[in-house]
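Residue indices begin at 1 and follow the sequence shown. Hydrogens, waters and symmetry mates are skipped; everything else that's a heavy atom, side chains included, is used.
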Amino acid sequence: MSRRRRPRPDLSLLLTLLLAACGQGDASAPSVQEQGKETIGLYSSLPIAWNESADIKGLLADTGPAHWALDALRDQGRVISLDALADATGALPLPQGAVLVLAQPRPLTPQENAALDAWVQRGGRVLLFVDPMLTAHSLFPIGDPRRPQDIAMLSPILTRWGLLLEFDDAQPAGERLQGAVPVNLPGRFSASGKSGTGVGKAGDVVARCQIEEGGLVADCVAGKGRIVAVADAAVLENPEDSTEIVPRKAALVDLLRKLGVSARSGA
């Protein structure tokens, strides 16, 4: 099982200051205005909840518009940015009825894999973007811990849910639509068990998955919970042409609808 690379000490301090300044990573009780909305957790290596910058000042700058995907999530509910998927008790730090958007995360620790699966089995909902070849531009070179995760490394939890992520390295590069979702060098899901069934080590049925859109999307039921997984993350990129934001936002919202996030949640 992959171990998450420890960040450099200065990066840890930077992220701590960022979370403290933004009030993120706090699953505190919602305000009166937020009551009745969905709670949406966001855990990602992509610069969605903060700016991609080489210094703290740039990270904390609030002069420009928020990432369109963050705005789209806020339209649907109360967004909580997470810096880990397991707290001191080993539990996932989100309410059981929440939705977790897991977008090209760093490799999960064994504790995080266990916390995520247990949370889903009890009724949690996950929108997972797992990209085998990330095409988004980054300010940071390969190997820099501040750079988004270039290649998804989530085999343990995918295997647990009965999914295999495959990649065709002979496919041409370039953005295109697959169904209604913009993709660029996407992967392809297949089911590791019979009839799309994921089987645990003890022989227990862990998840049942329906593969859709030519393998791009897997719609899985696991215990009382549900996972909608997308084998690409290009839809979350910030396009140079602002007119491309509208269809990306629509695709993201449609994926959330699969998890039961209703249009009135952000009202």
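Interatomic distance, CG of Asn238 versus NE2 of His137, reported as 11.5 Å (0.5 Å rounding). Residue Thr109 holds its OG1 atom at 10.5 Å from CG of Leu116, rounded to the nearest 0.5 Å. The CG atom of Leu127 sits 11.0 Å away from atom CZ of Arg226, with the distance rounded to the nearest 0.5 Å. Note that the CE atom of Met153 and the CG atom of Leu165 stand 12.5 Å from one another [nearest 0.5 Å]. Interatomic distance, Cys220 SG to Gln210 CD, rounded to the nearest 0.5 Å: 9.5 Å. Note: Ile80 CD1 to Ile40 CD1 = 10.0 Å, rounded to the nearest 0.5 Å.
Counting heavy atoms from C-beta on, the side chains of Leu158 and Leu128 come closer than 4.5 Å. Within the 4.5 Å cutoff, side-chain heavy atoms of Phe129 are placed close to those of Leu252. Between Ile48 and Val101 the shortest side-chain heavy-atom distance does not fall below 4.5 Å. Side-chain contact between Tyr43 and Leu108 is present, with at least one heavy-atom pair separated by less than 4.5 Å. Counting heavy atoms from C-beta on, the side chains of Glu38 and Gln76 never come closer than 4.5 Å. Within the 4.5 Å cutoff, no side-chain heavy atoms of Pro47 are placed close to those of His67. Two residues are said to be in side-chain contact when any heavy atoms from C-beta on lie closer than 4.5 Å; Leu85 and Trp119 fail this criterion. When side chains are defined from C-beta on, Thr135 counts as touching Glu237, because their heavy atoms get closer than 4.5 Å.
One N or O on the side chain of Ser45 and one on the backbone of Gln104 form a donor-acceptor pair closer than 3.5 Å. For Glu213 (side chain) and Val230 (main-chain N/O), no donor-acceptor pair under 3.5 Å exists by modelled atom type. A donor-acceptor pair is defined here as one N or O able to donate and one able to accept, closer than 3.5 Å; no such pair exists between the side chain of Arg122 and the backbone of Gly225. Distance alone, capped at 3.5 Å, places no donor-acceptor pair between the Asp232 side chain and the Asp131 backbone. Of the possible donor and acceptor atoms, one in the side chain of Arg257 sits under 3.5 Å from a partner among the backbone N and O of Val261.
Taking both residues in full, the closest heavy atoms of Leu70 and Ala49 are given as CD2-CA, 4.1 Å, listed atom of the first, atom of the second, then distance. The shortest non-hydrogen separation linking Ser44 to Ala103 is OG-O, 2.7 Å. Of all the heavy atoms in Ala231 and Gly215, the pair that sits closest is CB-O, 4.3 Å. Taking each heavy atom of Ala69 and Leu236 in turn, the nearest pair found is CB-CD2, 4.2 Å. Minimum interatomic distance between Ala86 and Gln111 (heavy atoms only, all atoms of both residues): CB-O, 4.0 Å. For Pro107 against Gln149, the heavy-atom pair with the smallest separation is CD-OE1, 3.5 Å.
Cluster partners of Leu185, using a side-chain heavy-atom cutoff of under 4.5 Å among ILVMFWY residues and allowing indirect links, are Met133, Phe167.
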Intermediate values then yes/no, side chain to side chain contact (heavy atoms under 4.5 Å, CB included), Phe189 and Val217: CA-CA 7 Å; Phe189 287 120; Val217 177; 6.0 Å; no
Criterion side chain to side chain contact (heavy atoms under 4.5 Å, CB included) on Gln121 and Val206, from CA distance to verdict: CA-CA 8 Å; Gln121 296 291 333; Val206 176; 3.5 Å; yes
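By the 4.0 Å N-to-carboxylate-O rule, Lys258 lies close enough to Glu212 to be salt-bridged with it.
Under the side chain to side chain donor-acceptor pair (under 3.5 Å) criterion, Gln178 pairs with Arg176, sequence neighbours left out. For Ser155, there are no side chain to side chain donor-acceptor pair (under 3.5 Å) partners at least two apart in sequence or on another chain.
In the hydrophobic clustering of ILVMFWY residues, with side-chain heavy atoms under 4.5 Å counting as a link, Leu100 and Val253 come out apart. Linking ILVMFWY side-chain heavy atoms closer than 4.5 Å, directly or via other members, places Leu164 and Val221 in two distinct hydrophobic clusters.
Across Leu102, Ile151, Leu154, a single residue satisfies side chain to side chain contact (heavy atoms under 4.5 Å, CB included) together with Val130, and that is Leu154.
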